[in-house]
Amino acid sequence: NFVFVNAIINANKKVNLTWATSGASNNDHFDIEHSIDGKNYEKIGNISLKQNGLSENSYLFTDNTPNEGENYYRIKQVDNDGNFSFSKIVSVYLRTGSSLKLFPNPASNQLQVTLPGNANWLTIYDASNRKVLQLNTHQKATALVDITRLAKGVYFLEIETTTTKITKQFVKQ
């Protein structure tokens, strides 16, 4: 039985998962599972069960490659006979220093965009959520975006990475 499950972001922008179990008898190991949408999980590691006869055992697993944005975790406790149960789902939101930056804002002719390392697409939407511009940004650290053709107003610049979407508002003057 799971006593608790916690997820915290450590000083190195990694995620420490801690949990404790009690009354473990027929258990074999734990699979640590990760998701970016809270629905589809993949195994990112496993830990053998402590067999020390204590009524409560504590565990630690560090996710060294969490995603920018929301990260969901669950622990799968697997028994010797193959039966298993899941812990509750815990989540953390990670902001790295390499997220999306725009300059200048407001802008008139050109936007300089600093991109996260795994950015694939840059899309600009108008205030009515209509797509007005899209660029492939694969493998680029920065992009200069010509916005001279856009009408004055509020726009939303969205960066799509392999794992998430990041949106920033800007003003065309």
Side-chain angles (χ1 to χ4, degrees), residues 4-19 30-47 59-76 86-173:
F4 69 84
V5 180
N6 290 320
I8 60 161
I9 299 168
N10 68 26
N12 300 320
K13 302 272 190 195
K14 315 277 190 231
V15 177
N16 287 343
L17 294 167
T18 56
W19 69 95
F30 297 102
D31 288 337
I32 295 84
E33 298 185 346
H34 174 263
S35 172
I36 56 170
D37 61 9
K39 297 181 187 94
N40 301 300
Y41 285 84
E42 68 178 37
K43 179 179 165 182
I44 60 170
N46 72 319
I47 290 183
Y59 299 88
L60 166 68
F61 178 86
T62 301
D63 180 358
N64 292 314
T65 56
N67 293 306
E68 170 89 21
E70 202 72 45
N71 291 268
Y72 299 89
Y73 298 92
R74 68 184 182 190
I75 312 298
K76 181 179 180 181
F86 289 107
S87 70
K88 71 175 186 172
I89 294 169
V90 293
S91 68
V92 294
Y93 189 88
L94 179 67
R95 287 187 198 280
T96 64
S98 64
S99 65
L100 176 61
K101 294 180 180 72
L102 308 177
F103 176 82
N105 190 7
S108 52
N109 298 322
Q110 205 171 51
L111 265 181
Q112 181 174 329
V113 183
T114 303
L115 301 164
N118 57 348
N120 293 319
W121 290 98
L122 178 153
T123 309
I124 295 178
Y125 297 92
D126 65 14
S128 302
N129 205 29
R130 284 190 301 260
K131 187 187 298 182
V132 294
L133 182 71
Q134 186 168 45
L135 302 170
N136 184 331
T137 57
H138 189 64
Q139 303 295 329
K140 293 182 184 170
T142 60
L144 289 175
V145 183
D146 181 0
I147 59 168
T148 52
R149 291 198 192 110
L150 299 182
K152 291 180 181 181
V154 175
Y155 292 87
F156 298 92
L157 187 142
E158 178 184 271
I159 296 298
E160 189 174 329
T161 72
T162 51
T163 56
T164 190
K165 290 182 180 177
I166 307 165
T167 305
K168 291 257 189 196
Q169 180 178 310
F170 73 93
V171 176
K172 164 69 161 78
Q173 57 185 15

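Sequential numbering from 1 along the given sequence is applied to the chain's residues. Keep in mind the model is a prediction, meaning the values are calculated, not measured.
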Output, in order, the C-alpha distance, side-chain angles, deciding distance and verdict of side chain to side chain contact (heavy atoms under 4.5 Å, CB included) for L94 and N71. CA-CA 8 Å; L94 179 67; N71 291 268; 4.0 Å; yes
Check against side chain to side chain contact (heavy atoms under 4.5 Å, CB included), H34 and N67: CA-CA 10 Å; H34 174 263; N67 293 306; 3.0 Å; yes
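Between F61 atom CZ and T18 atom OG1 the span is 13.0 Å, to the nearest 0.5 Å. Atom NZ in K172 sits 6.5 Å away from atom CG in N109 (nearest 0.5 Å). Taking CD1 of I9 as the start and CG of D63 as the end, the distance is 10.5 Å to the nearest 0.5 Å. The distance from the CD1 atom of I8 to the OG1 atom of T62 is 9.0 Å, given to the nearest 0.5 Å. Rounding to the nearest 0.5 angstrom, the gap separating the CD atom in E160 from the CD atom in E158 is 6.5 Å. The structure places CD1 of I159 at 12.5 Å from NZ of K101, a figure rounded to the nearest 0.5 Å.
At most 12 non-hydrogen atoms from other residues, nucleotides or ligands lie less than 6.0 angstrom from CZ of F103.
Every residue meeting the ring pair (Phe, Tyr, Trp, His ring centres under 6.0 Å) condition with Y155, not counting sequence neighbours, appears here in chain and number order: F170. Evaluation of the side chain to side chain contact (heavy atoms under 4.5 Å, CB included) rule for I89 yields Y41, Y72, R74 as partners, not counting sequence neighbours. Checked against salt bridge (Lys or Arg N to Asp or Glu O under 4.0 Å), D146 has no partners two or more places apart in sequence or in another chain.
Pairing each heavy atom of L135 with each of W121, the nearest pair is O-CE3, 3.3 Å. When every heavy atom of F30 is checked against every heavy atom of I75, the shortest pair comes out as CD2-CG2, 3.5 Å. Looking at every heavy atom in both residues, N105 comes nearest to Q169 through ND2-O, 3.1 Å. What you find for A7 and L17 is that their closest heavy atoms are CB-CD2, 3.5 Å. Closest approach of L111 to L157, counting heavy atoms only: CD1-CD1, 3.9 Å. A pairwise comparison of heavy atoms in V90 and V5 identifies CG1-O, 3.4 Å as the closest pair.
T123 and Q134 share a side-chain donor-acceptor pair at under 3.5 Å. For the residue pair D37 / S35, a side-chain donor-acceptor distance below 3.5 Å is found, with atom types taken as modelled.
For the ring-ring contact (aromatic ring centres under 6.0 Å, His included) with W19, the lone residue among F4, Y59, F86 that qualifies is Y59.
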